[in-house]
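Below is one structure, written out as structure tokens; the observations come after it.
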Amino acid sequence: MNVELKQRVRRSMLFVPGANAAMVSNSFIYSADAIMFDLEDSVALREKDAARLLVFHALQHPMYQTIETIVRVNALDSEFGINDLEAVVRAGVDIVRLPKTDSAQDVIDMEKHIARIEAECGREVGSTGMLAAIESAEGINNAVDIARSSPRLIGIALGAEDYVRNLRTERSPEGIELLFARCSILQAARAAGIAAFDTVYSDANNEQGFLNEAAHIKQLGFDGKSLINPRQIELLHNLYAPTSKELEHAQRVIEAAEAAALEGLGVVSLNGKMIDGPIIERARLVLQRAALSGIREE
Ligand SMILES: CC(=O)SCCNC(=O)CCNC(=O)[C@H](O)C(C)(C)COP(=O)(O)OP(=O)(O)OC[C@H]1O[C@@H](n2cnc3c(N)ncnc32)[C@H](O)[C@@H]1OP(=O)(O)O
Ligand SMILES: O=C([O-])CC(=O)C(=O)O
Ligand SMILES: [Mg+2]
């Protein structure tokens, strides 16, 4: 498996409707960590073939060679799924997003097709990554098995619009109806050593609502979030950026830890607070986030 693909940081993954030629042709101008072309629910049935062709060409365009590309394909048991896979793997997509993943078998079935297509078109077998979106109660029940189902999986994601439909409820500003699913996905992803991604916030004009949800999922531990609108990108990146106070503290922790290591000490105190393994690990994450996102603008 492509280790670099697995370790890459993804705060933002921007959905781009595959049938929208204007958006598909210029979404590389936005600074999302990944562009996620959609062939599934944002594409009308009569536009499925046209969207696949548009995305097939976009993936090979020079402007999409320097940004990570993900494609959400249709389910394999639909009439479009296999054709979608054939097109996007041949075109060299970085990651295939499998929607509505209910079981580990769904991932294994898709992986077999991806491996066959890679071999047929001369791509290195194993080079295409996978991302499984869980969007049902059954999928949440199977989250641990799904997260462990393939070495190609870079992460698992929540698909909340379909999930709340399945639960027979709707999304609320507080997200109480999603708490169990979010925690299940995080637990499963972390136990399997892969990334956890939150779902879309569907009201592109509600900035405060987006920020509230993004702060909530960051606090839970998510690595990032699927987005539907370019205006959400900077809001999210800024939220993942540490404050200058957090950064200064992290730097002091690392300095204290390095000094302690020179003296052969495992635990040391900084202004009366214990500094040991997990705290140092956390400080490293803050430094990594600052390197990527800068300092948070309040
Ligand atoms: C439940 C699910 O399955 S969610 C996943 C599937 N859904 C999607 O992919 C939807 C993606 N998002 C969109 O289509 C749009 O953002 C909408 C419909 C939500 C809102 O559209 P608008 O009101 O036109 O957005 P807005 O006014 O902010 O657009 C500003 C600019 O950003 C572009 N833009 C908006 N959304 C996107 C996007 N997702 N990707 C790329 N470009 C985009 C617009 O084309 C416009 O460009 P222009 O200035 O060159 O004309
Ligand atoms: O995966 C997502 O975030 C979008 C989606 O399909 C859903 O919410 O049902
Ligand atoms: Mg969905």
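Order of appearance sets the numbers: ligands from 1, and atoms from 1 within every ligand.
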Out of M23, Q232, R165, who gets a non-hydrogen atom closest to atom 43 (C) of ligand 1? M23
Answer yes if a protein heavy atom lies under 4.0 Å from atom 16 (O) of ligand 1, otherwise answer no. yes
So that I can tick it off, tell me whether D198 and K225 are bridged by a salt bridge, with the cut-off set at under 4.0 angstrom between side-chain N and carboxylate O. yes
Does any N or O in the side chain of D223 come within less than 3.5 Å of the main-chain N or O of V9, such that one atom is a donor and the other an acceptor? no
Would F37 and Y64 count as a close aromatic pair, with their ring centres under 6.0 Å? yes
Please check if any side-chain donor atom of S103 sits under 3.5 Å from a side-chain acceptor atom of E138, or the reverse. no
Under 2.8 Å from the Mg ion (ligand 3), is there any N, O or S atom belonging to D162? yes
For atom 6 (O) of ligand 2, which of the options K100, R72, E161 provides the nearest non-hydrogen atom? R72
Sub-3.5 Å donor-acceptor pair from the side chain of N166 to the main-chain atoms of D162, do we have one? no
Closer than 4.0 Å and a protein heavy atom, does any atom meet both conditions relative to atom 48 (P) of ligand 1? no
Heavy atom of the protein closest to atom 20 (C) of ligand 1 (residue, atom name, distance): N229 ND2, 4.0 Å
N/O to N/O below 3.5 Å, does that happen between R231 and ligand 1? yes
Heavy atoms only: which of E161, E135, M36 is nearest to atom 1 (C) of ligand 1? E161
Under 4.0 Å and counting heavy atoms only, is there anything from the protein next to atom 22 (P) of ligand 1? no
T199 heavy atoms, cut-off 4.0 Å: which ligand 2 atoms fall inside? 2 (C), 3 (O), 8 (O)
Considering R97, E135, M36, which one's heavy-atom position lies nearest to atom 1 (O) of ligand 2? R97
Could you tell me whether E177 and R165 make a salt bridge, using a distance below 4.0 angstrom between a side-chain N and a carboxylate O? no
Measuring to protein heavy atoms, does anything land under 4.0 Å from atom 51 (O) of ligand 1? no
What protein heavy atom sits nearest atom 14 (O) of ligand 1, and how far off is it? P17 CG, 3.6 Å
Do we see a donor-acceptor contact under 3.5 Å between the side chains of S293 and R11? yes
Heavy-atom contacts under 4.0 Å between R72 and ligand 1: side chain, backbone, both, or neither? side chain
Could R8 and E68 be called an ion pair, given the rule that one side-chain N must be under 4.0 Å from one carboxylate O? yes
Which of I95, L59, V16 passes side-chain contact (heavy atoms from CB on, under 4.5 Å) with T69? It is L59
Ligand 1 to V16, heavy atom cutoff 4.0 Å, flagged ligand atoms 40 (N)
Does any N/O atom on A133 come nearer than 3.5 Å to any N/O atom on ligand 2? no
Given the protein's heavy atoms, is any one of them under 4.0 Å from atom 30 (C) of ligand 1? no
Tell me, which protein residue and heavy-atom name are nearest atom 19 (C) of ligand 1, and how many Å apart are they? I228 CD1, 3.9 Å
Under a single-linkage definition using a 4.5 Å side-chain heavy-atom cutoff for Ile, Leu, Val, Met, Phe, Trp and Tyr, are V55 and I82 assigned to the same hydrophobic cluster? yes
Donor-acceptor under 3.5 Å (R152 side chain, M130 main chain): no
Using distance alone, determine whether Y163 and ligand 2 share an N or O pair under 3.5 Å. no
Carboxylate-amine/guanidinium contact R116 E86, below 4.0 Å: yes
Could you tell me, atom by atom, which parts of ligand 2 come under 4.0 Å of a heavy atom of A160? 7 (C), 8 (O)
Closest to atom 32 (O) of ligand 1 (heavy atoms only, candidates F15, F37, Y30) is Y30
Which label fits F210 and Y201: parallel for a plane angle under 30°, tilted from 30 to 60°, or perpendicular past 60°? perpendicular
Please state whether the separation between the Mg ion (ligand 3) and some N/O/S atom of E135 is under 2.8 Å? yes
So is V200 touching ligand 2 or not, going by heavy atoms under 4.0 Å? yes
Residues K48, E79: salt bridge by 4.0 Å N-O rule: no
If the cut-off is 4.0 Å to any non-hydrogen atom of D38, which atoms of ligand 1 fall inside it? 6 (C)
N or O pair under 3.5 Å between E40 and ligand 2: no
Between R231 and E207, does at least one N-O distance fall below 4.0 Å, as a salt bridge requires? no
Salt bridge or not between E40 and K100? Use side-chain N to carboxylate O under 4.0 Å. yes
P230 to ligand 1: N or O pair under 3.5 Å? no
Which is it for L158 and ligand 2 at heavy atoms under 4.0 Å: side chain, backbone, both or neither? backbone
In plain terms, say whether E281 and R284 are close enough for a salt bridge, that is, a side-chain N and a carboxylate O under 4.0 Å apart. yes
Nitrogen or oxygen atoms of A204 and ligand 1 under 3.5 Å apart: no
Identify the closest protein heavy atom to atom 7 (N) of ligand 1: which residue and atom is it, and at what distance? S42 CB, 3.8 Å
